[in-house]
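These notes concern the structure reproduced below.
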Amino acid sequence: MIEEAAMIAEPKQVETGLMKAIVRERFGSPDVLQLKEIEKPVPNDVRGVLVRIYASSVNPADRYDVNGMSILLRLVLPLFRMGVGVRRPKERQVGTDIAGRVEAVSNNVTQFKPGDEVYGACIGGYAEYGTAKESRLALKPGNRSFEESAAVPIAGFTALQALRNHGQIKPGQKVLVNGAGGGVGTFAVQIAKSFGTEVTAVTNTGNLDLVSCDIASNHSVSDYKRIMNPNGTFVLVGFKDKIIMRLLYFAIRKRFASRGDKKFVFFIAKSNQEDLVTLKELMEAGKIVPVIDRRYTLSETAQAIKHLEEGNVRGKVIITMNDNGSNIPSSKEWSR
């Protein structure tokens with residue numbers, strides 16, 4: 001029995017070979033993205049979990065990672081430990097959010113084993129396989145599909161950390177979510193409600209049927225100062241050049257200066273396993289339901305990012321890894 005247990009715990013040997021992935025060699029429009037066959041990754045001591053990716057999702061950060069933003073922003077973002085490269089991309093691959101099944105693990109991984117259904121964040125999520133840190137993954141919600149789960153990580157982190165960590169919301173408080181129909185906004189509304197707050201959602205008229213912090217970053221700081229309560233907290237989420245430029249010195253100081261009792265906070269969400277578990281529990285309790293706007297195949301990733309750039313996305317845009325989606329098995333098929 002001891003020998004049998006040891007054999008079960010031994011990591012699965014990784015099959016070498018090629019995989020399909022989205023790559024780019026330079027900054028530019030989404031048209032610089034190419035679907036290529038590249039070497040399949042292998043888990044190591046840093047990124048110890050190899051995941052067969054069934055779905056990913058598009059985030060505004062992916063868009064800026066593709067086009068490179070402005071030179072000034074590329075110099076500023078390292079202050080937040082976001083290395084995007086200055087002259088050329090630091091990483092050839094793109095994408096962060098993933099959901100799939102564990103293919104293999106390195107010897108130092110203790111929480112996951114081959115066959116586990118997981119979701120979370122990795123580098124190069126627009127691909128058939130990816131390696132992730134153990135601390136950046138959690139078991140997938142049992143009541144949500146791979147596509148729904150892939151919609152959650154970055155947007156869910158951002159909404160949760162903005163409200164709980166930086167907004168420090170409490171039951172009975174009033175919360176205004178601007179951009180409530182977008183990726184982060186749909187999660188922010190649901191998370192705020194789960195905390196027992198009174199939520200006011202601001203969105204464009206096309207999204208009013210979707211929804212009953214500032215996510216869109218589409219107003220000036222002075223606009224928010226005028227409408228905030230004396231003891232209110234303003235949390236800025238997301239990237240927009242004009243906003244970031246105005247608040248550049250706040251980034252250097254790592255926080256907004258406060259005026260009176262009003263607090264102003266700008267942050268970039270950090271992925272972690274604890275928050276993935278929290279989001280998983282909220283989904284399994286029915287308090288969060290991911291909203292999916294459209295689905296694209298891996299070969300259509302450029303079109304997916306262009307759709308996000310148009311600014312009319314309701315919820316999240318999903319990337320599936322096969323043209324016919326046939327590589328996304330159901331839980332019943334896996335257990336046979």
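- The two residues Gln161 and Ala269 make their nearest non-hydrogen contact at OE1-CA, 3.3 Å.
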Exercise for review: Evaluate the side-chain contact (heavy atoms from CB on, under 4.5 Å) criterion for residues Met283 and Glu148: first the C-alpha distance (whole Å), next the side-chain angles of each, then the deciding distance (0.1 Å), finally the verdict.
Suggested key: CA-CA 10 Å; Met283 283 187 280; Glu148 290 174 310; over 6 Å; no
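- Panel note: side chain Gln173, backbone Thr197; no donor-acceptor pair is recorded below 3.5 Å.
- Distance check: Ile22 CD1 to Thr301 OG1 gives 4.0 Å after rounding to the nearest 0.5 Å.
- Closest approach of Ile38 and Arg92 over heavy atoms only: CG2-NH1, 4.3 Å.
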Review point. Given the rule in the salt bridge (charged side-chain N to carboxylate O under 4.0 Å, His left out) test, do Arg101 and Glu117 qualify, once you have shown the distances and angles that lead to the verdict?
Key: CA-CA 5 Å; Arg101 284 201 173 95; Glu117 296 182 353; 2.5 Å; yes
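- Nearest heavy atom pair, residue Arg47 against residue Glu91, reads NH2-OE2, 4.3 Å.
- One distance of note links OG1 of Thr158 with NZ of Lys270; it measures 13.0 Å at 0.5 Å rounding.
- Atom CZ of Phe146 and atom OG of Ser56 lie 14.0 Å apart (nearest 0.5 Å).
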Review point. Does the pair Thr131 and Asn44 meet the rule for a side-chain contact (heavy atoms from CB on, under 4.5 Å), with working shown?
Key: CA-CA 8 Å; Thr131 51; Asn44 54 43; 5.6 Å; no
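- Side chain of Tyr119 to main chain of Leu276: a donor-acceptor pair is present (N/O by atom type, distance under 3.5 Å, no hydrogens or angles).
- Leu282 and Val177 fall within a single hydrophobic cluster, where Ile, Leu, Val, Met, Phe, Trp and Tyr are joined by side-chain heavy atoms under 4.5 Å apart, directly or via other members.
- The CG atom of Asp62 lies 7.0 Å from the CG atom of Asp97; values are rounded to the nearest 0.5 Å.
- The aromatic rings of Tyr296 and His307 sit tilted, their planes meeting at an angle between 30° and 60°.
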Practice item. I would like to know whether Lys316 and Phe187 meet side-chain contact (heavy atoms from CB on, under 4.5 Å); could you show each step before the answer? Key: CA-CA 10 Å; Lys316 292 301 297 291; Phe187 288 113; 4.3 Å; yes
Point to revise | Worked check of side-chain contact (heavy atoms from CB on, under 4.5 Å) between Leu137 and Ile98 | key: CA-CA 9 Å; Leu137 295 174; Ile98 62 166; 4.1 Å; yes
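- Across Ile53 and Gly124, no two heavy atoms sit closer than the pair CD1-O, 4.5 Å.
- Counting only heavy atoms from C-beta outward, the side chains of Val102 and Lys113 never approach each other to under 4.5 Å.
- In terms of heavy-atom proximity, Ala201 sits nearest to Val189 at CB-CG2, 4.2 Å.
- Between Ile123 and Gln93 there is no side-chain heavy-atom pair separated by less than 4.5 Å.
- No side-chain heavy atom of Lys193 sits less than 4.5 Å from a side-chain heavy atom of Ile191.
- Taking every heavy atom of both residues into account, Ala21 and Ala127 meet most closely at CB-CB, 3.6 Å.
- The local environment of CD in Glu284 is crowded, with over 12 non-hydrogen atoms from other residues, nucleotides or ligands closer than 6.0 Å.
- Residues Ile318 and Phe157 do not share a hydrophobic cluster, defined by chaining ILVMFWY side chains whose heavy atoms lie under 4.5 Å apart.
- Within the 4.5 Å cutoff, the side chain of Ser29 has no heavy atoms near those of the Lys306 side chain.
- Within the 4.5 Å cutoff, the side chain of Leu279 has heavy atoms near those of the Ile288 side chain.
- Side-chain heavy atoms closer than 4.5 Å link hydrophobic residues (I, L, V, M, F, W, Y) into clusters, and following such links, even through other members, never connects Ile292 to Val184.
- Distance check: Glu300 CD to Arg295 CZ gives 13.0 Å after rounding to the nearest 0.5 Å.
- A 4.5 Å side-chain heavy-atom check between Ser271 and Lys133 finds every atom pair outside the cut-off.
- Between the side chain of Asn59 and the backbone N or O of Ala61, no donor-acceptor pair lies under 3.5 Å.
- Residues Arg136 and Pro153 form no side-chain contact, since every pair of their non-hydrogen atoms from C-beta on lies 4.5 Å or further apart.
- Side-chain N/O atoms of Lys140 and Ser149 include no donor and acceptor closer than 3.5 Å.
- Inter-residue side-chain proximity for Thr110 and Glu134 is flagged as met; some heavy-atom pair is nearer than 4.5 Å.
- One hydrophobic cluster, built from ILVMFWY side chains closer than 4.5 Å, holds both Val317 and Leu33.
- When atom types are taken as modelled, the side chain of Asp293 and the backbone of Val313 share no donor-acceptor pair closer than 3.5 angstrom.
- In this structure, Met321 CE and Thr297 OG1 are separated by 9.5 Å, a value rounded to the nearest 0.5 Å.
- Cluster annotation: Val199 is connected to Leu160 through the hydrophobic network of ILVMFWY side chains, with a link wherever side-chain heavy atoms come within less than 4.5 Å.
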